[in-house]
Amino acid sequence: MAELPGNSIGGAPGVRATRPSVLSLPIKEKAALYAAYMPFLTNGGIFVPTSKPYKIGEEIYLILTLMDDAAKYPIAGKIAWITPAGANNNKAQGIGVHFSADESGVRVKQRIEELLGAAIGSTRATHTL
């Protein structure tokens with residue numbers, strides 16, 4: 001069987017699958033975790049400061065490090081919102097990443113909520129809403 005020019009195995013001619021962006025987010029203190037965490041999203045989520053352009057719904061891959069936890073949490077997610085440069089109230093530029101519903105998303109949501117404890121119910125301002 002001959003392979004047709006321009007045709008790749010498992011894909012349409014001339015179409016390349018785009019890989020999700022990979023971002024790394026080290027969070028070193030509880031206040032920073034509180035400011036970035038988004039408990040109001042169904043699967044939880046986190047604010048990632050970045051100036052790179054993204055689109056709502058775009059898939060990304062995040063490597064999250066939480067304070068003194070030696071583990072790195074690899075999480076697939078989707079862009080839930082974008083805070084552009086120069087946003088109102090001096091909000092930091094970046095993206096809101098909604099964790100996936102898979103095991104890694106559930107695990108990191110539980111870990112973040114363990115670390116934050118009662119602080120989740122606080123009314124202090126965050127990078128999110």
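Below, each value reflects all heavy atoms present in this structure, side chains not excepted, and no hydrogens, waters or symmetry copies.
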Is the shortest side-chain heavy-atom distance between [X] and [Y] below 4.5 Å?
X	Y	result
Trp81	Ile95	no
Glu58	Lys78	no
Leu64	Ile75	yes

[X] side, atom [atom1]; [Y] side, atom [atom2] - distance, nearest 0.5 Å:
X	Y	atom1	atom2	value
Leu23	Ile46	CG	CD1	12.0 Å
Leu62	Ser24	CG	OG	7.5 Å
Ile63	Tyr73	CD1	OH	13.0 Å

Looking at [X] and [Y], what are the two nearest heavy atoms and their distance?
X	Y	answer
Tyr61	Pro74	OH-CB, 3.1 Å
Val48	Leu25	CG2-CD2, 4.1 Å
Asn43	Ala101	ND2-N, 3.7 Å
Ala80	Ile56	O-CD1, 3.7 Å
Ala85	Gln93	CB-OE1, 3.4 Å
Ala92	Phe47	O-CZ, 3.3 Å

Worked check of side chain to side chain contact (heavy atoms under 4.5 Å, CB included) between Ile60 and Val97 | CA-CA 8 Å; Ile60 73 152; Val97 178; 3.5 Å; yes
Might you work through the side chain to side chain contact (heavy atoms under 4.5 Å, CB included) test for Met67 and Lys28, ending with a clear yes or no?
-> CA-CA 4 Å; Met67 301 184 308; Lys28 301 192 183 310; 5.8 Å; no
Yes or no on side chain to side chain contact (heavy atoms under 4.5 Å, CB included) for Phe99 and Leu41, after CA distance, side-chain angles and deciding distance?
-> CA-CA 8 Å; Phe99 299 150; Leu41 293 177; over 6 Å; no
Quick one: side chains of residues 104-117, donor-acceptor pairs under 3.5 Å with protein atoms, not counting sequence neighbours, listed by atom name and distance.
from: Ser104; atom 1: OG; to: Asp102; atom 2: OD1; distance (Å): 2.9
from: Arg111; atom 1: NE; to: Asp69; atom 2: OD2; distance (Å): 3.0
from: Arg111; atom 1: NH1; to: Glu114; atom 2: OE1; distance (Å): 3.1
from: Glu113; atom 1: OE2; to: Tyr37; atom 2: OH; distance (Å): 2.6

Counting only N and O atoms by type, is there a donor-acceptor contact under 3.5 Å from the side chain of His98 to the main-chain atoms of Ile79?
-> no
